[in-house]
Colleague: 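One structure, pasted below without further comment.
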Amino acid sequence: MRMSRLAAIIAAAAVTFTVAGCSTTSADDAGGAGATPAAERGAVDKILFDYPFTSLPVYSAIVGIVQARAAEKGVEVVFTNDEGDLQKQVSQLNSNLSSDIDAVVSFPVDPASLESVAQQYRDAGKYWVTYGGDMENQDATLQFSFYDSGHQLGADAAQWALDNVGADAKVIVLDETERQIGKERTQGILDGLKEVAPDLQIVAEQQAVTPDDALSVTTALLAQHPDVNIVLTAVGDAAQGAYQALVASGRAEDDAKTYVGGLDPNLFGLQKMQEGKFFRAATYFSLEELVANVIDIPVALGEGSTDASVDIPVTLVKADDPKLGDYITELGG
């Protein structure tokens, strides 16, 4: 069933916060990855959703979808409030370990640092679902075609370059390489570019996640490479900042030799695409479909499923997509 219209997209699924030198702070650090849970597990009636990036605009939309799905399935859902901080994430997970929840769905700020925490949850008879990647200690994972989405975007940009600029067009890649989701997406972009147009000049690769990050990074890179033709981003929100940087540098929004594209579009990007500007492509998936699985996967595990993992397919959206208007409406436009 369709739920409320969304005001933002899951670009946050790909959002990265820099974590340096952090480790888990659990007082009871059990060893051995993938340990078999010691306690008996059964039906899931209460789920903890541990989504750390609570400051993002998309978070309120995610919460609304999760709550509606929980009500539909007849289960209770509670939330952490990690504020994008690994230590807070670990602390709140530890504090919920002895609670009456039956399952946790966690988007790890740093997956390696949560392995022992995940094992403790499983040892305590609770299901662990990893959001946005894989962990050794997990019962299932929720993903959204990381490598494939990057490859689709890279290949499309490369073909556009051959058709509109030339084989030696200049490219900036704003990547995210600190965790699985970003690494796979970034590699997909690079592979797609090179497979279709191996002579493209990738003049810079630098990490940027938020619109502000990308605005700052792209502005600096344009000072070094003012004639760049293509900017691709491993995180959708970063594409907005890259677009704004190009416009601020004097690039006309209808420039025929400029291409900006990102993984997971935001409303800004899709609206620019619809207007015929140089925001030319983005991958898309239904946020409702993705986030509903925060409830569906734990419930399926509780019902005995041994293959509850989900990998949502993605679609490459361009200006001529007949569903572009529908996607904009879904995002609240």
Side-chain angles (χ1 to χ4, degrees), residues 9 11 13-16 144-178 181-211 213-222 224-247 249 251 255-266 268-270 272-273 277-285 314-319:
I9 56 98
V15 169
T16 298
F144 26 102
S145 302
F146 305 148
Y147 179 86
D148 181 56
S149 61
H151 192 275
Q152 286 189 49
L153 181 64
D156 184 76
Q159 188 60 55
W160 177 90
L162 295 176
D163 295 340
N164 295 277
V165 181
D168 59 349
K170 295 182 178 180
V171 184
I172 290 173
V173 176
L174 300 183
D175 60 26
E176 195 286 279
T177 59
E178 293 184 359
I181 179 175
K183 290 178 181 178
E184 292 186 13
R185 286 176 154 196
T186 299
Q187 191 60 55
I189 289 173
L190 296 174
D191 288 351
L193 288 168
K194 293 174 182 178
E195 288 174 16
V196 175
D199 294 328
L200 289 175
Q201 301 179 60
I202 300 177
V203 298
E205 290 181 49
Q206 192 164 332
Q207 178 155 311
V209 172
T210 69
D213 290 341
L215 176 60
S216 176
V217 168
T218 307
T219 298
L221 291 174
L222 286 172
Q224 304 171 50
H225 310 284
D227 55 347
V228 73
N229 306 106
I230 298 170
V231 183
L232 302 181
T233 72
V235 178
D237 283 344
Q240 175 179 336
Y243 185 100
Q244 292 167 330
L246 283 159
V247 173
S249 75
R251 195 74 57 99
D255 186 82
K257 294 187 179 297
T258 302
Y259 180 119
V260 173
L263 301 183
D264 313 332
N266 60 16
F268 172 93
L270 290 186
K272 291 297 182 182
M273 192 186 300
K277 310 306 183 185
F278 62 65
F279 198 109
R280 301 194 185 276
T283 55
Y284 192 88
F285 54 82
V314 298
T315 300
L316 187 71
V317 178
K318 299 196 288 185

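Counting begins at 1 with the first residue of the sequence.
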Colleague: Could you tell me the separation between the CG atom of N164 and the CD atom of Q159, rounded to the nearest 0.5 Å?
Modeller: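 Here the rounded value is 9.5 Å.
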Colleague: Check A197 against A158 and note the closest heavy-atom contact, atom names and distance.
Modeller: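 For A197 versus A158, the nearest heavy atoms are CB-CB, 3.9 Å.
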Colleague: Quick one, Y259 and L232 - any side-chain contact, counting heavy atoms below 4.5 Å?
Modeller: yes
Colleague: For the residue pair L174 and L221, establish whether any side-chain heavy-atom pair is separated by less than 4.5 Å.
Modeller: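 They are in contact (side-chain heavy atoms under 4.5 Å apart), so the answer is yes.
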Colleague: Give the minimum heavy-atom separation between A242 and V231, together with the two atoms involved.
Modeller: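 Smallest interatomic distance, heavy atoms only, reads CB-CG1, 3.7 Å.
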Colleague: What is the minimum heavy-atom distance between K170 and D227, and which atoms define it?
Modeller: NZ-OD2, 2.9 Å
Colleague: Hey, is the main chain of L316 close enough, under 3.5 Å, to the side chain of T283 for a donor-acceptor pair?
Modeller: no
Colleague: How long is the gap from CZ on R280 to CG on L153, to the nearest 0.5 Å?
Modeller: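 Answer for the CZ-CG pair, R280 versus L153, is 13.0 Å.
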Colleague: State which residues pass ring pair (Phe, Tyr, Trp, His ring centres under 6.0 Å) with F278; sequence neighbours excluded, sorted by chain then number.
Modeller: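 Result, ring pair (Phe, Tyr, Trp, His ring centres under 6.0 Å) vs F278: Y243.
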Colleague: Supply the atom-to-atom distance D175 CG to K183 NZ, rounded to the nearest 0.5 angstrom.
Modeller: 11.5 Å
Colleague: Does D255 have any side-chain hydrogen bond (donor to acceptor under 3.5 Å, both in side chains) partners at least two apart in sequence or in another chain, and if so, which?
Modeller: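 Scan of D255 (side-chain hydrogen bond (donor to acceptor under 3.5 Å, both in side chains), adjacent residues dropped) gives T258.
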Colleague: Which residues pass the salt bridge (charged side-chain N to carboxylate O under 4.0 Å, His left out) test with K277, not counting sequence neighbours?
Modeller: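 Per chain and number, K277 pairs via salt bridge (charged side-chain N to carboxylate O under 4.0 Å, His left out) with no residue.
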Colleague: Just so I know, are the side chains of V260 and L246 near enough to count as touching, which here means a heavy-atom distance under 4.5 Å?
Modeller: yes
Colleague: Given side chains that start at C-beta, do those of L263 and I189 come closer than 4.5 Å, heavy atoms only?
Modeller: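 Answer yes - side chains close enough.
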Colleague: With side chain to side chain contact (heavy atoms under 4.5 Å, CB included) as the criterion, how do D264 and V235 come out once you've worked through the C-alpha distance, each side chain's angles and the decisive distance to 0.1 Å?
Modeller: CA-CA 7 Å; D264 313 332; V235 178; 6.0 Å; no
Colleague: What's the shortest heavy-atom distance between L162 and A167, and which atoms?
Modeller: CD2-CA, 3.7 Å
Colleague: So does D213 get a backbone contact from the side chain of S216, meaning a donor-acceptor N/O pair under 3.5 Å?
Modeller: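 A pair under 3.5 Å: no.
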Colleague: Provide the closest heavy-atom pair for A245 versus L222 in the form atom of the first, atom of the second, distance.
Modeller: O-CD1, 3.8 Å
Colleague: Distance check, rounded to the nearest 0.5 Å: D191 atom CG versus E184 atom CD?
Modeller: 11.5 Å
Colleague: Can you pull the salt bridge (charged side-chain N to carboxylate O under 4.0 Å, His left out) pairs that have at least one residue in residues 194-207, sequence neighbours excluded?
Modeller: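 Those involving residues 194-207 do not exist here.
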Colleague: What pair of heavy atoms forms the shortest contact from K257 to W160, and how long is it?
Modeller: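 K257 and W160 have their closest heavy atoms at C-CH2, 3.3 Å.
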Colleague: Please name all residues satisfying salt bridge (charged side-chain N to carboxylate O under 4.0 Å, His left out) with D163, sequence neighbours left out, ordered by chain then number.
Modeller: none
Colleague: May I ask you to decide if V209's main-chain N or O and Q207's side chain share a donor-acceptor pair within less than 3.5 Å?
Modeller: no
Colleague: Output the distance between atom CD (Q152) and atom OH (Y284), rounded to the nearest 0.5 Å.
Modeller: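 Q152 CD to Y284 OH: 15.0 Å, rounded to 0.5 Å.
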Colleague: For D156, give me all partners under salt bridge (charged side-chain N to carboxylate O under 4.0 Å, His left out), at least two apart in sequence or on another chain.
Modeller: K318
Colleague: Kindly indicate, with the supporting measurements, whether the criterion side chain to side chain contact (heavy atoms under 4.5 Å, CB included) is fulfilled by Q224 and I172.
Modeller: CA-CA 11 Å; Q224 304 171 50; I172 290 173; over 6 Å; no
Colleague: Can you tell me how far apart CD (Q201) and CG (L193) are? Round to the nearest 0.5 Å.
Modeller: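 Between atom CD of Q201 and atom CG of L193 there are 12.5 Å.
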